[in-house]
There are 2 protein chains.
Amino acid sequence: MRNSIKKTSQITEQRSQGRNLVFSHIRNNFQVARIDIANATGMSPATVTSITAELIAAGLIEEVQREVEPGQSKRGRPRVDLKLRGESHIVAGMKLTGRSISAVVLDLEGKQLGKAKVPMPRPPIDRTALCKLIPQVVETVSASAGVKPEDLSAVGIGLPGTIQATEGFVDWCPLFQEQEFNLKQLMEEIMPMPVFVENDANAVAIAELWFGFGRDVPDFLVVTIEQGVGLGIVLDGEIFRGTQGFGAEFGHTKVQSEGALCRCGQRGCLEAYVADYALLREANLFKHWEEGTSEEDRLVQLFAAAKEGDRMAKSIFDRASRMFSMGLANLVNLFDPAMVILSGEQMQFDYLYAQQVFDMVRSSTILKGHHEPEIRIHKWGDMMWAKGAAAFALEEVVRISLDQLGSAETSA
Amino acid sequence: MRNSIKKTSQITEQRSQGRNLVFSHIRNNFQVARIDIANATGMSPATVTSITAELIAAGLIEEVQREVEPGQSKRGRPRVDLKLRGESHIVAGMKLTGRSISAVVLDLEGKQLGKAKVPMPRPPIDRTALCKLIPQVVETVSASAGVKPEDLSAVGIGLPGTIQATEGFVDWCPLFQEQEFNLKQLMEEIMPMPVFVENDANAVAIAELWFGFGRDVPDFLVVTIEQGVGLGIVLDGEIFRGTQGFGAEFGHTKVQSEGALCRCGQRGCLEAYVADYALLREANLFKHWEEGTSEEDRLVQLFAAAKEGDRMAKSIFDRASRMFSMGLANLVNLFDPAMVILSGEQMQFDYLYAQQVFDMVRSSTILKGHHEPEIRIHKWGDMMWAKGAAAFALEEVVRISLDQLGSAETSA
DNA sequence: CATTTAAATTTGAAGTCCAAATTAAATGGT
DNA sequence: ACCATTTAATTTGGACTTCAAATTTAAATG
């Protein structure tokens, strides 16, 4: 009945690519029959049968009966759809910011099984604190999902800063006291499951690829704006991290020679014009805040003022959106992406997601055979960042699963 | 004695990759023994034997006796080196500018067999003129190399502008009257050999990869400065043209919001600060040229003035180099390249290749795990651009040869 | 209920890679 | 001179893969 799985040990690169291709095709299409996979990927039906049998045996995918509207059914053997098997892996993902840690539990299909948000101690925090805090968050969010931490296939952590994701190494993170240490290793010593660490914007890009607008498109850019400016570059279905692993520093591309001072110490960085601190820095020149107003509230007030026509406030946002357009146009000129996704949780400050910005980008990019990039806005809701981290964890878990597939086979 | 070549017809992707890997390893190392190829690529010696036998049978490579200094010789069967077989393909490459067409004939090993330089009619020129001009240049340069045009395996053409290299389609080129036409097709109708068309900066990047500083490095950026600013991005040994084929528009990345007017119609483009026309545009404000002074001579005078301390002239170059640094820093921040090559023919105006520029780039890039990009200057001499076009032609010819390898076999 | 249609699987052939065995071609020691 | 030793290259044989073609499976149709 089923293709007998051989106890192989020697997997070829070719087979590995095939598995990845089939898996991601199923993921991107929710449900799809083997014959469609064959047609879409160019593989022969025989090969698709063989690979899907492996994936089913590994528990990563499962067959589902296709829904057929009455009267729509055709002759011939009916197609049997395949879909990801959600239960096969559940992971937690969390995002660290200076204010809080948000976390979710997702299954392989992207279903959110639980979430949590806990306050973050004021940065910079040290390793000891991290070692208490992160396991605690894992506990909490697992509980909210009704699972035990041991049931998690992995934990993903999203961070601002420069991260070597393959190593789990933190080169620099604004939240931490110490720098240059292996966070993955540290966490795996005190927790039972694999831990994966990634830059927060890259993690969101992976979430777009797995569960967002990137499902249909293999190449796109994801830009995130929050306290800083983040960029994730997806080329051919994979995160591009620069040729040495430290690229995509969009927030620190220069938009002004000898420009505004950035917290990185350089001048003229995009971040120094559009990040929260950059806006407030200028607002402080003319705005008087009530004692104890939070940064977030100040921003809200500033934005409200601009909307009401306050010229000083408006000028701040105008400049920010001009600079943002410029940075975005440079990305478009260099990467010629088919799609740019502006991803955010709430995007309450919509000056950066306005028609005006898109128009500026369009007028600042070279005509490209008449195809302009599609700029899409993706409002994820409050758990975007945590979902990104979880998506990264899923990707790593699946990557490892697929690679190990033939080496030690469980009976079906 | 020799591995018998099967008359196959069904070549796998895997084999094709293997061939490419072996071929480029031989090319990058001039001469190398099979065992070294196996060690360097991770392939088994058996596979290397098999692939190199194919390449030898196809005439692309050949065995050479290794030079052994007396006394240096070791025990064991001596290694037999392999190298590219120059005679197997000779190609012509030409570069079109508004002033002239320069052309070379190269063999597969990169040896220059001939060269020519002919005047270009004043742009814009039309298709009819092209159809006369280009075959004429091919004739001339072939003659200079002592070969007939029919002996050329291909002709490569390098152009400024936006080109779809895979199609040979010119989307936009400042030299031509008509736009959006298939130059490759047009030329192949009137000439007997395959024609390949590529953006000039990309072509130079391929020349760096095949015969220049890129031999040892699979990922690097090539920046060219001439009348405009060009960029070639090499990722993993291949030109990155953007996800839709129109990326790498470095000259039109923005370095100033609402900045100087560029000939592309936009404002603030890098080109509008560093290209020849941009420098002269400002110089015209205070410099009085003799009647009939050529653009090139004006530039020489301007540069001399700056060197002598003329404040106005100096200010022009200062700004240009500041803007150039900024653009370069943005590339470094986005791509994190291990190497940036500044390629030029003469580089007489060395303000853009100065320590000052490198320092600015360094201070405008995010710390990257302590590894900064190596910035190298490559002074090619007068045929750089034409060699680039020829290198592109070689790459295409070899790509096609390797792909077709098993499908129709000639007897050894 | 036989026929038709279409999906999925099985079969068999051809291609590929690699470990291991074999062959080739030198040096070194006696 | 001759044989052991060393190293490179090739050949052999086994394990995998992919795919075309044949076969099986599972429906709709008349």
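All values below come from the heavy atoms of this structure, side chains included, with hydrogens, waters and symmetry mates left out. So you know, we letter chains A, B, ... as the sequences are listed, proteins then strands, and number each from 1.
When heavy atoms are screened at a 4.0 angstrom cut-off, P78(B) is found touching the sugar-phosphate backbone but no base atom. V80(B) comes within contact range of the sugar-phosphate backbone alone, with a heavy-atom separation under 4.0 Å but no base atom that close.
If you take CD of E13(A) and P of dC16(D), they are 17 Å apart, rounded to a whole angstrom. Rounded to whole Å, atom P of dT23(D) lies 17 Å from atom CZ of R77(A). Taking atom CD on Q65(B) and atom P on dA8(D), their separation rounds to 14 Å, with Å as the unit. Atom CD in E54(A) sits roughly 7 Å away from atom P in dT17(D) (whole-Å rounding). R79(A) has its CZ atom 12 Å from the C1' atom of dT5(C), to the nearest Å. Remark: P of dA8(C) and CZ of R66(A) are 9 Å apart, rounded to the nearest angstrom. Between the CG atom of L82(A) and the C1' atom of dA7(C) there is a distance of 12 Å, rounded to whole Å. The separation between I11(A) atom CD1 and dT17(D) atom C1' is 12 Å, rounded to whole Å.
Here the side chain of R75(B) is nearest to one of dT10(D), dC17(C), dT6(D), namely dT6(D). Out of dT16(C), dC18(C), dT11(C), the shortest distance to the side chain of A46(A) is found at dT11(C). Minimum atom distance to the side chain of P45(B) is reached by dT10(D), of the listed dT18(D), dT10(D), dT27(C). Proximity note for S44(A) (side chain, C-beta onward) versus dT9(C), dA20(D), dA9(D): the nearest is dA20(D).
Between R34(A) and the phosphate of dT9(C), there is a side-chain N or O to OP1/OP2 separation shorter than 4.0 Å. Using a 4.0 Å cut-off, some side-chain N or O of R15(B) falls inside it from OP1 or OP2 of dC17(C). Dashed line: the shortest gap from a side-chain N or O of T47(B) to OP1 or OP2 of dC18(C) is under 4.0 Å.
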S50(B)/T47(B) under side chain to side chain donor-acceptor pair (under 3.5 Å): CA gap, chis, key distance, verdict | CA-CA 5 Å; S50(B) 166; T47(B) 304; over 6 Å; no
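Put simply, CZ on R19(A) and CD on Q17(A) are 11.5 Å apart, with the number rounded to the nearest 0.5 Å.
Across all strands shown, dC19(D) forms a Watson-Crick or G-U wobble pair, both distances under 3.5 Å, with dG12(C).
In this structure, V147(B) and L152(B) approach most closely via the heavy-atom pair CG2-CD2, 4.4 Å.
Of the charged side-chain nitrogens involved, none lies within less than 4.0 Å of a carboxylate oxygen, so that E63(B) and R79(B) do not count as a salt-bridged pair. K83(A) and E109(A) are joined by a salt bridge, as a carboxylate oxygen and a charged side-chain nitrogen come within less than 4.0 angstrom of each other.
Mapping T12(A) and T52(A) onto DNA chain C by nearest heavy atom places T52(A) at the nucleotide closer to the 5' end.
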